[in-house]
Amino acid sequence: MDRKLLKLAPFVTALVAAAAWAAWLGWDQVRDVHPDGSVSGPYEAWQVVGLVLTLLAPLYWTASRRHVTAGALGTTAGLAVAACVDWSDDASGLYMIGVLLVLLGSLAGTFGVSALIAAVTRGRGEGRSAAGPVA
């Protein structure tokens, strides 16, 4: 079962990332207006931290099984698609710049974290079945 699921790792991580975006960020669409007239948001820092922490689970699952690229690319694709869908109603048309920044930032972040996880778990024997390492 694990090997079949690992073949679907990019799709699974993309779905998890998109669902995590919807759960953490998708519901908050209102910008905050402060007493001095400045505007921030719509997301709070705790929402973004929650999203990042949630995404560590699928990244750990794939990277500890030596599927660094599949996990990183799937997670990046899921976040980029979710951002595009979430922000597509922006009247200024600048949402694509934000989507591009999400894509580049999440690509760098997920590859870095995945490589770190793979390096740390390499010596621990994690991601190995009774038949040997998963390829």
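Just so it is clear, the structure is predicted and the values come from calculations on it, not from any experiment.
- Between the SG atom in C84 and the CG atom in L100 there is a gap of 11.0 Å [rounded to 0.5 Å].
- Residues D86 and L25 share a closest heavy-atom pair of OD2-O, 4.2 Å.
- In the hydrophobic cluster analysis, where Ile, Leu, Val, Met, Phe, Trp and Tyr join through side-chain heavy atoms closer than 4.5 angstrom, L79 is grouped together with M96.
- At distances below 3.5 Å, at least one donor-acceptor pair connects side-chain atoms of S106 with backbone N or O atoms of L103.
- Pairing each heavy atom of S64 with each of T121, the nearest pair is CA-OG1, 3.6 Å.
- Residues V68 and T62 have side chains not in contact (no heavy-atom distance under 4.5 Å, counting atoms from C-beta outward).
- What you find for A20 and L55 is that their closest heavy atoms are CB-CD2, 4.1 Å.
- Taking the side chain as every heavy atom from C-beta outward, V81 and W21 never approach each other to under 4.5 Å.
- None of T13, V12, L107 except one satisfies the side chain to side chain contact (heavy atoms under 4.5 Å, CB included) rule with T75; the exception is T13.
- The closest side-chain heavy-atom distance from D89 to Y95 is not below 4.5 Å.
- Looking at H67 and P10, their side chains never come closer than 4.5 Å, going by heavy atoms from C-beta outward.
- Transitive grouping of hydrophobic side chains (ILVMFWY, heavy atoms separated by less than 4.5 Å) keeps W27 and V16 in distinct clusters.
- Counting only distance, with no hydrogens or angles, the side chain of S38 and the backbone of H34 share no donor-acceptor pair below 3.5 Å.
- Across R122 and R66, no two heavy atoms sit closer than the pair CA-NH2, 2.8 Å.
- Of the inter-residue distances, the one linking T110 atom OG1 with L73 atom CG reads 7.0 Å to the nearest 0.5 angstrom.
- Considering all non-hydrogen atoms of both residues, W87 and V99 come closest at CZ3-N, 3.7 Å.
- W24 and Y43 fall within a single hydrophobic cluster, where Ile, Leu, Val, Met, Phe, Trp and Tyr are joined by side-chain heavy atoms under 4.5 Å apart, directly or via other members.
- The minimum heavy-atom distance linking E44 with Q47 is given by the pair N-OE1, 2.7 Å.
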